[in-house]
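Heads up: numbering here begins at 1 and tracks the sequence.
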Amino acid sequence: FWGNVGALGMIALPCGLAYAILRHRLLDITFAIDQAVAYGMATFALLVLFTGMDWVAKSALEGEPDKRTFVNLVAAASVLFILKIVHQRVNQVVRTTLFRKRMLRMQRLRAFAKDVRYFVDPALLETELVRTLDETMDGCGCAHYVRDGARLVRAAGTQGTAETIDLNDAAILRVQSSGAAVRTGDVRSNLRASYAFPIIARGILGGVVLLGADDSLRSYAPDEVAAVQDVVTAAGDTYHVLRAYAAADAPALHPTPTSA
C-alpha cells in the first residue's frame, strides 16, 4: 500500500509543480526553454567542430603524439573562446524562429512606450493605449480608468469592461501600496481582469489600467508584465501633463470683469 502511495506521490509532485509553473508563471518558462535550446544547439555545434578538428589532427599528425596533443589543446581553447559568440548567434536564431511572436510583442511594447510620450490629445492617448495593449497581448481585453473622487471611472476600454471600479477593491489597494502591477488572482479582488497596473502621479494613484478583462485570468512572463508597466507609466506621465495643460488653458468659469 505505502509503495503505491509513494509511487503516486512521485508522479503527482512533478505534475503539480509543472502545473504551478505554467499556470502561475512561477518561472519564466519561455525564457528557460529559449536558453536551453540555444545552449543545447551551441554545445552540439561546438562538439561537432571539436570532433572534426580532433579527427583532422589525428589523421594529419599520426605518429606524432606531442604535436597532436598541442593541436587538441589549441582546439579546445578556441572552442571555449568562441562559445559565447556562437551562443549569442544561436540564441538570436532561436528567438527569431521559435519565439518570434514573443519577440515582436516585446518590440511593439517598447516602441509604444517611447511613442506615447509625444501624444498631444488625451482622448487619443486613452484610445491608443487600450487598443495597443489589447492587440499586443492577444486580444485579452483592456481598460483605462481615471480617478474621479472616491472611485475610478473608465476613460477607454474594450467591450465588456466595467464602467467604474471601487477604490477599496483589494487589487486597487495593493497597487496603491506597492506602486507596482498586481495579479488579481493573488489577492481577493472582484475585478474582472488578470492584472492591474497603477498610474501614479506625484505619489497619488491617478488611475489604473486593467489587462485580461476576458475572465481567463491569464498569466504573463515577468518581462512582459514589466514591459506593459513601462507603457502604462509613460502613458500616465503624458496623460497627467496633457490634463495639466488643458486645465491651465481652460478659460475661467466666472472671469473677472476688467475696468474700461
Arg151 and Asp166, any side-chain heavy atoms less than 4.5 Å apart
no

CD (Gln107) and OG1 (Thr136) are apart, to the nearest 0.5 Å, by 11.5 Å

With rounding to the nearest 0.5 angstrom, report the CZ to CZ distance, Arg174 to Arg188.
11.5 Å

Is it the case that one hydrophobic cluster holds both Val146 and Val232, taking links as side-chain heavy atoms less than 4.5 Å apart, direct or via other members?
yes

Could you tell me whether the side chain of Tyr220 and the main chain of Tyr195 form a donor-acceptor pair under 3.5 Å?
no

Would you indicate whether the side-chain heavy atoms of Ile172 and Val208 approach each other to under 4.5 Å?
yes

Would you say the side-chain atoms of Asp169 and Ser189 include a donor-acceptor pair closer than 3.5 Å?
yes

Between Ser194 and Arg183, do the side chains contain an N or O donor and an N or O acceptor separated by less than 3.5 Å?
no

Is there a continuous path of hydrophobic side-chain contacts, each under 4.5 Å between heavy atoms, that joins Leu167 to Val182?
yes

Rounded to the nearest 0.5 Å, the CD1 atom of Ile165 sits from the CG atom of Asn168 at a distance of 12.5 Å

Tell me every residue that passes side-chain contact (heavy atoms from CB on, under 4.5 Å) with Asp237, counting only those two or more places apart in sequence or in another chain.
Arg117, Thr233

So, using side-chain contact (heavy atoms from CB on, under 4.5 Å) as the criterion, who are the partners of Asp115 when residues are at least two apart?
none

Quick one: do Arg110 and Asp230 make a salt bridge, cutoff under 4.0 Å?
no

Determine the minimum heavy-atom distance between Cys140 and Leu211, stating which atoms define it.
SG-CD1, 3.4 Å

Kindly give the heavy-atom pair with the smallest separation between Val225 and Phe197, and that separation in Å.
O-CE2, 3.6 Å

Mind checking whether Arg147 and Ile199 have side chains closer than 4.5 Å, heavy atoms only?
no

Do the side chains of Arg108 and Thr132 get nearer than 4.5 Å, heavy atoms only?
yes

Would you say Arg154 and His144 make side-chain contact, with heavy atoms under 4.5 Å?
no

Do the side chains of Val209 and Cys142 get nearer than 4.5 Å, heavy atoms only?
yes

Decide yes or no on side-chain contact (heavy atoms from CB on, under 4.5 Å) for Thr164 and Leu152, but give the supporting numbers first.
CA-CA 5 Å; Thr164 61; Leu152 292 165; over 6 Å; no

Any idea which heavy atoms bring Gly160 and Arg192 closest together, and the distance?
O-NH1, 3.4 Å

Distance check, rounded to the nearest 0.5 Å: Met137 atom CE versus Leu109 atom CG?
6.0 Å

What are the two closest non-hydrogen atoms of Ala181 and Pro198, and how far apart are they?
N-CD, 3.9 Å

If hydrophobic clusters are built by linking Ile, Leu, Val, Met, Phe, Trp and Tyr wherever their side-chain heavy atoms come under 4.5 Å apart, do Leu205 and Val187 end up in the same one?
yes

Could you tell me which non-hydrogen atom of Val231 sits nearest to which non-hydrogen atom of Ala113, and how far apart they are?
CG2-CB, 3.9 Å

Measuring only between side-chain heavy atoms, which start at C-beta, is Val228 closer than 4.5 Å to Leu133?
yes

Scan the side chains in residues 122-130 for donor-acceptor partners under 3.5 Å anywhere in the protein, sequence neighbours excluded, and list what turns up.
from   : atom 1 : to     : atom 2 : distance (Å)
Glu126 : OE2    : Tyr239 : OH     : 2.7
Thr127 : OG1    : Ala123 : O      : 3.1
Glu128 : OE1    : Arg131 : NE     : 3.3
Glu128 : OE1    : Arg131 : NH2    : 2.6
Glu128 : OE2    : Arg131 : NE     : 3.3

